There are 2 protein chains.
Amino acid sequence: MSETCAVSIDQRMRADIAEAIFDQRMAPGTRLSEAGLGEIYGVSRTVVRKALFHLAADKLVDIRPNRGAIVWQPSPAEAHEVFVARRVLETSLLAEGLARMTETDHAALDRILAADIAAHEAGDRQAMIRASGDFHRRLAAPANNSVLLAFLDELIGRSSLIIALYEARDAAPCSHHDHQALLAEIATGDVARAQAALAEHLRDCQNRLVLDAPSAETPALADLLHRPRRA
Amino acid sequence: MSETCAVSIDQRMRADIAEAIFDQRMAPGTRLSEAGLGEIYGVSRTVVRKALFHLAADKLVDIRPNRGAIVWQPSPAEAHEVFVARRVLETSLLAEGLARMTETDHAALDRILAADIAAHEAGDRQAMIRASGDFHRRLAAPANNSVLLAFLDELIGRSSLIIALYEARDAAPCSHHDHQALLAEIATGDVARAQAALAEHLRDCQNRLVLDAPSAETPALADLLHRPRRA
DNA sequence: GAAGGTCGAATTGTATCCAATTGGCCGAGC
DNA sequence: GCTCGGCCAATTGGATACAATTCGACCTTC
């Protein structure tokens, strides 16, 4: 009843939490107590747990047995791996899909780019992150493989979290200039050059991260691990 | 506390069900009733649901709202996509990892190959599927990216299900001769040739599937959907 | 004063209970 | 004879109740 749209309440919770994470309202490490969330949404812990479990499957939250769920805190090493994974996956998808691109694809990419630019001008960080994600998703769509696309989707979500954690607050999550240049390369139809441009863009995104700032405990741990046995 | 090993009961359930699927004891489409499984394992539906939800995240079971969980029935199109995804992912991982391979890696691959051959000789289908999965997993390990490795892991699981569904019962899931030849190519260190051999091997696996047998209901369903009812 | 242990509040894990949905069965009506 | 309609068993979805675990605070002890 209550005709709460077509989406179930747990889907709404998942979307809300994900959005809050991407928008930096929820910092990594934030505790997500079952009772608290249930209170907010007016549902029992059962459905909260379902939502949290789903978010955990997407690697956006970390469920620690008997110790509750927190927003995922990727280590610098994990952040690195995610971006390497994106480079590998996206360049492959681009190679698969480039030849198959139609006018519709180009138009869609142009449209997303325009939205990206608009978000930049408006300084709307959340819209920028969303537009950037959409751009990369759309770029991979012509490869026409929903399995790989789902993987990319997960990686984009994790990237958003990583960017929210490690990137300077005022920096742009993804340069739309890069996207623009990339579209130019794509228009030429040269696979190798387009791949190179995409890889370079992702490397830039990665390099913009500051992997030493985060919180208080990770650096200390890393220090210990980097110290070879000689104390 | 029942010292039930270190693994929780729901992990055991997941492993059992996955094994049963891969070993063709549970055919795709088999209903997995919550009460039934809870009875078998002596736990409440709560933990059964957790296990089923996890299996659904791995795409091994399909949870249909209000209608229960069944073993995933990939359509021919989905099966195709999974194998394309594997080709893309594994060749990329091989390119990333080939230069980094050590003696330990080669030894591990040889060991798995030996187990694979032994399983073939013994006619142990389950061991063959497991050995084949291990081989591909180990092949990807040197790339040293746990994110992509996790994706591959999921794809291997789904492949096992697909093979169980679509492959002739007496056929081998993966030719160990291919694996052997692939190792030879890898030993030369030629990335392009190793990639080609791997891609060819995966294409062979895919071609061995018979994608027309289990077509009892899908076409009929599609027909119905195209016809507005009540004329 | 510091270290260690114990107790207690808070939170998660599991079981059980009730409501809602599904799908089939049977009977009424055309 | 066939179809449409409403009941009924079975199963899932969600809420609540209870048990188990964690973590912090306080107290004791050296």
Side-chain angles (χ1 to χ4, degrees), chain A residues 1-17 26 28-57 60-73 215-217 221, chain B residues 1-17 26 28-57 60-73 216-218 220-221 224-225 227-231:
Chain A
M1 355 231 107
S2 73
E3 57 169 271
T4 46
C5 345
V7 301
S8 57
I9 191 74
D10 74 299
Q11 285 179 310
R12 231 180 75 80
M13 288 183 59
R14 280 171 38 204
D16 283 359
I17 293 172
M26 267 189 195
T30 303
R31 287 208 58 204
L32 299 168
S33 101
E34 300 177 358
L37 287 171
E39 182 77 21
I40 290 170
Y41 284 89
V43 293
S44 76
R45 285 173 47 213
T46 308
V47 46
V48 175
R49 288 177 69 114
K50 181 152 80 166
L52 288 176
F53 199 75
H54 209 120
L55 286 164
L60 291 180
V61 317
D62 182 19
I63 296 180
R64 303 159 306 171
N66 280 313
R67 298 179 40 215
I70 60 174
V71 177
W72 183 266
Q73 284 181 303
S215 57
E217 64 280 323
L221 206 77
Chain B
M1 33 153 78
S2 78
E3 64 272 355
T4 48
C5 350
V7 301
S8 56
I9 192 73
D10 74 300
Q11 285 178 311
R12 232 180 75 81
M13 287 182 60
R14 281 171 37 204
D16 283 358
I17 293 172
M26 267 190 196
T30 302
R31 286 208 59 203
L32 299 168
S33 102
E34 300 178 358
L37 287 170
E39 183 76 23
I40 292 169
Y41 284 89
V43 293
S44 76
R45 284 174 47 215
T46 309
V47 45
V48 175
R49 290 174 68 122
K50 180 151 79 167
L52 288 177
F53 199 75
H54 209 120
L55 286 164
L60 291 180
V61 320
D62 182 20
I63 296 180
R64 304 158 306 169
N66 279 316
R67 299 198 308 140
I70 61 173
V71 177
W72 183 264
Q73 283 181 302
E217 66 279 311
T218 312
L221 206 76
L224 286 174
L225 288 172
R227 273 192 108 83
R229 43 191 229 144
R230 266 197 76 155

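Just so it is clear: chains get the letters A, B, ... in the order the sequence lines come, proteins before strands, and each one is counted from 1. Bear in mind the structure is a predicted one, so any value in this text is a computation, not a measurement.
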Query raised in the report: Can you name the residues that form a side-chain hydrogen bond (donor to acceptor under 3.5 Å, both in side chains) with B/Thr30, not counting sequence neighbours?
Result: none

**Report entry** Rounded distance (Å) that lies between atom C1' of C/dT14 and atom CE of B/Met13
**Finding:** 13 Å

**Report entry** Closest non-hydrogen atom pair between A/Gly29 and A/Gln73, with its separation
**Finding:** N-CG, 3.4 Å

Query raised in the report: Can you list the residues that meet the salt bridge (charged side-chain N to carboxylate O under 4.0 Å, His left out) rule with A/Arg14, with sequence neighbours excluded?
Result: none

Report summary line: With five pairs defining each end axis, the helix from C/dG1-D/dC30 to C/dC30-D/dG1 comes out bent, to 10°, by 0°

Query raised in the report: Atom CG in B/Asp16, atom CE in B/Met26: separation rounded to 0.5 Å?
Result: 8.5 Å

Output side-chain donor-acceptor pairs under 3.5 Å for residues 60-69 of chain A, partner residues at least two apart or in another chain, one line each.
{"from": "A/Arg64", "atom 1": "NE", "to": "A/Gly68", "atom 2": "O", "distance (Å)": "3.4"}
{"from": "A/Arg64", "atom 1": "NH2", "to": "A/Arg67", "atom 2": "O", "distance (Å)": "2.7"}

Query raised in the report: Side chains of B/Tyr41 and B/Val47: closer than 4.5 Å at any heavy-atom pair?
Result: no

Query raised in the report: Should A/Leu52 and A/Leu37 count as side-chain neighbours, where that means a heavy-atom distance under 4.5 Å?
Result: yes

Query - Whole-Å distance separating the CG atom of A/Leu52 from the P atom of C/dG13 - result: 10 Å

Report task. Classify every nucleotide of nucleotides 12-20 of chain D by which part a protein heavy atom approaches to under 4.0 Å, writing B for the base, S for the sugar-phosphate alone and - for neither, in 5'-to-3' order. Result -> BBSBBB---

Between protein and nucleic acid, restricted to nucleotides 6-10 of chain C and to nitrogen or oxygen atoms under 3.5 Å apart, what atom pairs and distances do you find?
none

Query raised in the report: Between CG of A/Asp10 and CG of A/Leu55, what distance do you get to the nearest 0.5 Å?
Result: 9.5 Å

Report summary line: When rounded to the nearest 0.5 Å, the distance separating NZ of A/Lys50 from CZ of B/Arg49 is 6.5 Å

